[in-house]
Amino acid sequence: MPTSFAKAESLGADLARAPRGLIIGGKSVQAVSGKTFATVNPATGKEICQVAEGGAEDVDLAVKAARQALVDPAWANMSAVDRSLLLNRLADLIERDAAELAVLECIDNGKPATLTQAVEIEGSIKTFRYFAGWPTKFGGETLPVSPRSGAKILNYTVREPVGVCGLIVPWNYPMSMAAWKVAPALAAGCTVILKPAEQTPLTALRLAELALEAGVPEGVFNVITGFGEAGAALVDHPGVDKVAFTGSTAVGKAIVRGSTVNLKKVSLELGGKSPQIVLPDADLDAAAASIAAGIFFNQGQTCTAGSRLYAHSSIHDDLLARIADQAAQLTIGNGLDPSVNFGPLVSQEQWDQVSSYVEIGKNEGADIMIGGGRPADLSEGYFFQPTIMTNAGCDMRIVREEIFGPVLSALSWDDADDLVAQANDSDFGLSAGIWTNDIKQGHRLASQVKAGTVWVNCFNLVDNATPFGGFKQSGWGREHGRQAMELYSEIKSVWVNLS
């Protein structure tokens, strides 16, 4: 039996002993209503354990705990150096428990454990270490002012935490999406209430436990597990100063509407329908490998997934054949098996959505080149084959709407000006890929494509130092870097009369 399977069995037995509680004020507590819900292993369709189903009353308790912690000297007066040390201690603990966290994420999300540890867990460690450096470097400045009175004035700005932050994260990258928000919020001195997706609550709860072990004061880091009611209560609560959300555009719009109760700050990382643009002079082997990874990694459940392929007509068929070869090399199965690199979709609901889009594409005139359904040898779980759909048209729903699954819609082009228009003809603008050996062409297209991130001869690279976010209906604001610290802070201008 592989070691990862043994760990999973032991971990599963521990989890099943009692319902996993909410984390409020540094304590694990059951929901006020007493309700629980099952979290399910996508590879088997079977229950892992029961988790507390938080609601509006629980959110209110978490907000009160977070507001109290926000002004508690243990957190409010913590020095920048000590906050940095605290975040680094949390990173140390994540590193210590990396294998356990990878298995936990695998059984709850379906992503292969080896990829989870290498990408998501290691990425979370890097995120906390990166933002651990910011408390000692993020501050205001002294500004030269010229008041009408001619008075001698000292004017300076200071950065203060925005306050209590409601952080709502999705199920596709549960651990790393939590880190993307929790790390800068804590670095800025905020307190947080993390609301994980109901499909994947387990690593969020474990992260909060590790934060307490690291020494984060009680009430600074709270977790509410549950459904949409809990998320809506967090958005609507007047004691929440900011909401940060990653998820669908439809829910993002609802959050904006709900935020008007107290005009809370909002940052949104929403949907995507990223184009992959391939010029005839591109390195087709490199492009095919990266395009396949860009749509099939995490079973296509990635906001930046390169789901729209625009290949020049002269290389269209050759490129698709190479992408199909890449897909054929994927090993599909339970992600606890170290040889597996393509797991299940997260839920039956997601499987049904992806399947319905394949049927829509067929009905609209697209053809299935590979895939299109459940692998014949996997009857349990929510597995869906890597899929390529050809003869796609610009007006087809599979080209215009986010499928959030391993489905590549392939189009061909001849006119470069028309290509840019097609690539930009989308409600989304999160990311794009460009493949060419002519770097001047690459720069030109990068300047014309409307997207928050453009990769040239690479795809899906992210780094904590560079901003990440989207144009159009792909969201508001930028995560990572100094821009993330700004999301979780307010700037105050101070005028001192020295006359």
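Numbers here simply count residues along the sequence, with the first being 1.
With ring centers used as reference points, F37 lies under 6.0 Å from F227. Checked against the 6.0 Å centroid threshold, F404 and W171 count as a close aromatic pair.
Although no hydrogens or angles enter the test, the distance criterion places a donor-acceptor pair under 3.5 Å between the side chain of T249 and the main chain of Q473. The closest donor-acceptor contact from the side chain of W75 to the backbone of C190 lies under 3.5 Å. Between the side chain of S176 and the main chain of G123, no donor-acceptor pair closer than 3.5 Å is present. A donor-acceptor contact shorter than 3.5 Å is absent between the side chain of K35 and the backbone of A31. Judged by distance alone, with hydrogens and angles left aside, the side-chain atoms of K264 form a donor-acceptor pair with the main-chain N or O of V235 at under 3.5 Å. Of the possible polar contacts, one joining the W455 side chain to the L461 backbone as a donor-acceptor pair under 3.5 Å is found. Using a distance-only test at 3.5 Å, with no hydrogens or angles considered, no donor-acceptor pair links the side chain of N172 to the main chain of N298. A donor-acceptor pair is defined here as one N or O able to donate and one able to accept, closer than 3.5 Å; no such pair exists between the side chain of R206 and the backbone of L101. Side-chain atoms of S355 never come within 3.5 Å of backbone atoms of W351 as a donor-acceptor pair (strictly under, hydrogens ignored). The main-chain N or O of L202 is found under 3.5 Å from a side-chain atom of D108 such that the two form a donor-acceptor pair.
Side-chain contact between W435 and Q276 is present, with heavy atoms from C-beta onward closer than 4.5 Å. In this structure the side chain of I277 reaches within 4.5 angstrom of the side chain of V449, judged on heavy atoms. Residues L86 and V216 have side chains in contact (heavy-atom distance under 4.5 Å, counting atoms from C-beta outward). Residues T200 and V346 meet the side-chain proximity criterion, which asks for heavy atoms closer than 4.5 Å. Between K273 and S474, the closest side-chain pair of non-hydrogen atoms is not below 4.5 Å. The shortest distance between side-chain heavy atoms of I121 and M175 falls below 4.5 Å. Under the 4.5 Å side-chain criterion, counting only non-hydrogen atoms from C-beta, F384 is not in contact with R374. Side-chain contact between F383 and L345: absent, with no pair of heavy atoms (C-beta onward) separated by less than 4.5 Å.
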**Request:** Check the pair E53, Q50 against side chain to side chain contact (heavy atoms under 4.5 Å, CB included), reporting the backbone distance first and the verdict last.
**Result:** CA-CA 9 Å; E53 184 181 331; Q50 291 285 315; over 6 Å; no

**Request:** Check the pair V251, I168 against side chain to side chain contact (heavy atoms under 4.5 Å, CB included), reporting the backbone distance first and the verdict last.
**Result:** CA-CA 11 Å; V251 175; I168 304 175; over 6 Å; no

**Request:** Let me see the working for R67 and D241 under side chain to side chain contact (heavy atoms under 4.5 Å, CB included), right down to the final yes or no.
**Result:** CA-CA 10 Å; R67 296 217 70 83; D241 302 297; 3.0 Å; yes

**Request:** For T246 and W180, run side chain to side chain contact (heavy atoms under 4.5 Å, CB included): C-alpha distance rounded to whole Å, both residues' side-chain angles, the deciding distance at 0.1 Å, then the answer.
**Result:** CA-CA 10 Å; T246 296; W180 282 22; 5.9 Å; no

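Between D92 and R96 there is no salt bridge, since no side-chain nitrogen of the basic residue lies less than 4.0 Å from a carboxylate oxygen of the acidic one. Checked for salt-bridge contact, K181 and E479 meet the test: a charged N lies under 4.0 Å from a carboxylate O. Ion pairing between E486 and R478 fails under the 4.0 Å rule for side-chain N and carboxylate O. Of the charged side-chain nitrogens involved, at least one lies within less than 4.0 Å of a carboxylate oxygen, so that R322 and D285 count as a salt-bridged pair. Electrostatic pairing of K111 and E105 does not count as a salt bridge here, judged by no charged N lying under 4.0 Å from a carboxylate O. E122 and K126 are not joined by a salt bridge, as no carboxylate oxygen comes within less than 4.0 angstrom of a charged side-chain nitrogen.
The structure places OG1 of T191 at 14.0 Å from CD of E218, a figure rounded to the nearest 0.5 Å. Here S274 contributes atom OG and L309 contributes atom CG; the two are 12.5 Å apart, rounded to the nearest 0.5 Å. For the atom pair I24 CD1 and I193 CD1, the distance stands at 8.5 Å (nearest 0.5 Å). Considering CD of Q350 and CD1 of I403, their distance stands at 10.5 Å, rounded to 0.5 Å. Atoms OG1 and CD1, on T127 and I94 in that order, are 9.0 Å from each other to the nearest 0.5 Å. E402 contributes atom CD, which lies 11.5 Å from atom CG of D427 (distance to the nearest 0.5 angstrom).
When all heavy atoms of P344 and Q299 are compared, the pair lying nearest together is O-NE2, 3.1 Å. Taking each heavy atom of V340 and G333 in turn, the nearest pair found is CG1-O, 3.4 Å. Across all non-hydrogen atoms, the minimal contact from T331 to S339 is CB-O, 3.4 Å. Between I398 and S409, the shortest heavy-atom contact is O-OG, 3.1 Å. Of all the heavy atoms in I224 and D58, the pair that sits closest is CD1-O, 3.7 Å. Across R308 and S426, no two heavy atoms sit closer than the pair NH2-CB, 3.8 Å.
Around NZ of K46, the count of heavy atoms belonging to other residues, nucleotides or ligands within 6.0 Å does not exceed 12. Dense packing is recorded around CD of Q348, with more than 12 heavy atoms of other residues, nucleotides or ligands lying under 6.0 Å away. Within a 6.0 Å radius of CD in Q68, no more than 12 heavy atoms belonging to other residues, nucleotides or ligands are found.
By the 6.0 Å and 45° rule, K472 does not stack over the aromatic ring of F428.
For the residue pair T466 / D463, no side-chain donor-acceptor distance below 3.5 Å is found, with atom types taken as modelled. Side-chain contact of K242 with S259: a donor-acceptor pair under 3.5 Å is absent, judged by distance alone.
Between H480 and F468, the ring planes lie tilted relative to each other; the angle falls in the 30° to 60° range.
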